[in-house]
Protein chains: 2
Amino acid sequence: MSNSEFQQVTDSAVQPSSGPNPYGPNPADYLSNVNSFQLIDSTLREGEQFANAFFDTEKKIEIAKALDDFGVDYIELTSPVASEQSLKDCQAICKLGLKAKILTHIRCHMDDAKVAVETGVDGVDVVIGTSKFLRQYSHGKDMNYIAKSAIEVIEFVKSKGIEIRFSSEDSFRSDLVDLLNIYKTVSAIGVNRVGIADTVGCANPRQVYDLVRTLKTVVSCDIECHFHNDTGCAIANAYTALEGGAKLIDVAVLGIGERNGITPLGGLMARMIVAAPEYVKSKYKLHKIRDIENLVAEAVEVNIPFNNPITGFCAFTHKAGIHAKAILANPSTYEILNPHDFGLTRYIHFANRLTGWNAIKSRVDQLNLKMTDDQVKEVTNKIKQLGDIRPLNIDDVDSIIKDYHAEFTTPLLRSLRGEQMEDVNTIDIEEPASKKTKTTQ
Amino acid sequence: MSNSEFQQVTDSAVQPSSGPNPYGPNPADYLSNVNSFQLIDSTLREGEQFANAFFDTEKKIEIAKALDDFGVDYIELTSPVASEQSLKDCQAICKLGLKAKILTHIRCHMDDAKVAVETGVDGVDVVIGTSKFLRQYSHGKDMNYIAKSAIEVIEFVKSKGIEIRFSSEDSFRSDLVDLLNIYKTVSAIGVNRVGIADTVGCANPRQVYDLVRTLKTVVSCDIECHFHNDTGCAIANAYTALEGGAKLIDVAVLGIGERNGITPLGGLMARMIVAAPEYVKSKYKLHKIRDIENLVAEAVEVNIPFNNPITGFCAFTHKAGIHAKAILANPSTYEILNPHDFGLTRYIHFANRLTGWNAIKSRVDQLNLKMTDDQVKEVTNKIKQLGDIRPLNIDDVDSIIKDYHAEFTTPLLRSLRGEQMEDVNTIDIEEPASKKTKTTQ
């Protein structure tokens, strides 16, 4: 499909009602951080575990700078013990002097911690598997051993004057008593954050809310959450975690990570701008999302998903006649996101059999032709008839409109034709965000 | 990345704990339909409103048959008044004699209803905008007019002996009292289902749960829900709707629809198999998801998103060393979904710098080479060193392993080399699901 089938609409969105934002924090959630959340971007840690990812030093630095410019609060890097280059890259990124705090992510082990604290990071994220699955099949340790290791590592990292987070792994398949016990222990010795991780992507939103709310009664530190997207709930789980009182969300650009990844940065921004528009718009450079996504997509050799929030090629395209009619009157009718907040544009797709006469009337006006409403309705029927037979492009529609117009205004048309053709060619049709190359398989 | 970097793992997933499924319906949700939900597939209605969609009659029939074979409960079709061919296609699909019930989706207007009931459909889905936005900028009618039209249309459709659903549009931006009022009215006159529609994709999961629970106290009929995915919550919202007592969820293959679409069929199956494994596996042909997605993706000229639930090319690929180690011991450690349930296979990605010695040991075993654990650890370090410099493929790894092995077993190696090479070439590496063509931009 060529982009020339799209018709750009000018923005005149006005909320018909004022008053508090009904999508803002629920007043009953008195611990909510929906209006005060922070982002830990893990594109350079979790994202490096994505099947296609290989970032050389230069690319890592480029991504880190782009994330910093966007405004993420933390940037998490691969463990310096993963490989020799991982250590060097961690050191190099720490030296960039970014506004974002730099973290590295290690196993709960002194061998790793001793290397991590010497890299120059602002903090260390420690993780250990607490589910029966991981205790049995991964590290084979019991909860007492986990607690003992955690205390040793946490006190060591704290002694170096940098931040320390302790996270369980596979938290939603861990024993609740075990979990609360270890979190209470590490909170008491002064960990900066505890982490909940849905490592296998099994959690659902109300489970997340309940666990976060329970944990808030046990720890005095901040809560960070990490959600995999295996069952498609990573954005929603992040949102309900914030409602429950979690403060920090792990994200990756396009959600890249193990398997099909984690909460995507862009998708979470779509969710959060609806709930906390002022906070999100003032804190993050939303118009940079498209560039950051393109940067990472190119680096890991994937396409932006056609249905990606915000930057999917049709995220702001309206097609059915009744949608087009209302969007032309007020874009908020069928949009909760304003494309302009992200440096993007909306489109009316009017060259198809589902089109309506309001969309065609708008096109007639753009072509600077004069028709009555009844005439527009008649030509709309002609367009729908051709649209029933085959896919249409904008030229098809314009030809039908102009032929129909010529039937009743031939003398006038002849004198105007040159000017009209010029109008057609200068209508401002922008390329949708991620519609790079072709999407045909 | 070539698929030859992946190592297939045999499946020996065992749950370490028995007892009730912790991801099953929450016992506190006594109205939950998580174990008894139904699907209304709208690929041929909502999906036709996707920017790229043009389905001719043959393609519509192919998609309808595939959905019926998969096991969806309802198939929803574009309004027969949308165009002449839409009417003919609706009639043709009704004549196929599918197991799934056929619905068509119309405006709340007698002109549309009179055409719809004559097409042969099993039911009619009626929708009208109830939000202030739509009442002001779309149809311009007040709630009394809406109620009056709804009653007239519902009674007319019921008189024809077919099912009738009444849905509000943009339900989450509608006045709650208006909503409950109209739903109560239509329930009282015997509508089969009422529909809640998050037309702009603004709703969040706990809002959805609350609205469904409230509505359950007002109506005696089933509740159907329709969620757009603008803010990435369409799957999670569907799940919490079922928890709250909704019975039917609108889906589309790959979620195609207006803008970036609605709850995707495959993604919802990923969510539901975790919660209700027996119900989902007995009712739906899950191994057909890949084929149906490919059918629709090809028809609308998009790629399967790289991070699609279930069928994304790396949805069952494990990369980091600690993940690979545990997956080799028991796949359930890092998988909540079993790829075999979907006719798919998991992979260990061991040719990279994040690899660990357990993954390499497994590869050494596959190559039928004998090494001590210390030797495997040493060769793993050599692999990680090369992986620091550039992306690796399986041949790189095998060369390093074999060269290293040759250092201490040269006489043995020489005699075995022919046989080993044969092993290498016959290792069963399957192509990941959607890794069709290249994903490079």
Side-chain angles (χ1 to χ4, degrees), chain A residues 1 16 23 49 51-52 54 82-85 132-134 136-138 200-202 204-205 230-233 235-236 239-240 255 259-261 267 270-271 274 298 301-303 305-307 309 312 314-315 317 319-320 323 326 329-330 332-333 336-337 349 353-354 384 388 391 437 439-441, chain B residues 1 16 23 49 51-52 54 82-85 132-134 136-138 200-202 204-205 230-233 235-236 239-240 255 258-261 267 270-271 274 301-303 305-307 309 312 314-315 317 319-320 326 329-330 332-333 336-337 349 353-354 384 388 391 436-437 439-441:
Chain A
M1 185 188 60
Y23 314 99
Q49 293 173 226
N52 267 20
F54 174 85
S83 73
E84 203 176 307
Q85 193 60 45
K132 285 179 190 161
F133 287 97
L134 292 176
Q136 183 173 346
Y137 295 104
S138 180
V200 298
C202 64
N204 69 60
D230 299 77
T231 64
C233 293
I235 296 171
Y239 185 75
T240 50
R259 306 186 309 283
N260 77 335
R271 177 70 256 160
V274 171
E298 200 167 321
E301 300 187 341
V302 299
N303 287 316
F306 78 89
N307 54 4
C314 52
T317 299
K319 182 170 172 184
H323 285 229
N330 179 348
S332 289
T333 47
I336 194 67
L337 303 175
H349 186 307
R353 68 172 152 211
L354 303 181
K384 290 165 85 77
D388 258 348
T437 70
T439 55
T440 310
Q441 295 205 58
Chain B
M1 187 188 59
Y23 312 101
Q49 294 174 226
N52 267 19
F54 173 85
S83 73
E84 202 177 310
Q85 193 61 45
K132 284 178 192 161
F133 288 97
L134 293 176
Q136 182 172 347
Y137 295 104
S138 181
V200 296
C202 65
N204 69 61
D230 300 75
T231 64
C233 292
I235 295 172
Y239 184 75
T240 50
E258 287 280 353
R259 306 184 309 281
N260 78 335
R271 177 69 256 161
V274 171
E301 300 188 341
V302 299
N303 287 316
F306 78 89
N307 54 3
C314 54
T317 299
K319 182 168 173 185
N330 179 347
S332 290
T333 47
I336 194 68
L337 304 175
H349 186 306
R353 67 172 153 211
L354 303 181
K384 289 165 85 77
D388 258 348
K436 301 170 70 178
T437 70
T439 54
T440 310
Q441 296 205 60

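Any value given below was found using the heavy atoms of this structure, including those in side chains, with hydrogens, waters and symmetry copies removed. A, B, ... follow the sequence lines: proteins, then strands. Residue 1 opens every chain. None of the values given here were measured: they were computed from a predicted structure.
Note: B:S83 leads B:G255, B:S83, B:A326 in heavy-atom pairs under 4.5 Å with chain A. Of the residues considered (B:T333, B:V274, B:D230, B:I235), B:T333 shows the highest number of contacts with chain A, using heavy-atom pairs under 4.5 Å. Between chain B and the options A:G201, A:A82, A:C202, heavy-atom pairs under 4.5 Å are most frequent for A:C202. Between chain A and the residues B:P391, B:A320, B:A270, B:G232, the most heavy-atom pairs under 4.5 angstrom are made by B:P391.
Only the side chain of B:P205 comes within contact range of chain A, with heavy atoms under 4.5 Å apart. In this structure, the portion of A:T240 lying under 4.5 Å from any heavy atom of chain B is its side chain and not its backbone.
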Criterion side chain to side chain contact (heavy atoms under 4.5 Å, CB included) on B:N204 and A:R271, from CA distance to verdict: CA-CA 9 Å; B:N204 69 61; A:R271 177 70 256 160; 3.9 Å; yes

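The backbone N or O of B:S332 lies less than 3.5 Å from a partner atom in the side chain of B:N330, making a donor-acceptor pair.
Taken from CZ in A:R259 to NE2 in B:H349, the straight-line distance is 14.5 Å, to the nearest 0.5 Å. For the atom pair CZ of B:R353 and NZ of B:K384, the computed distance is 9.5 Å after rounding to the nearest 0.5 Å.
A 4.5 Å side-chain heavy-atom check between A:T231 and B:L337 finds at least one atom pair inside the cut-off.
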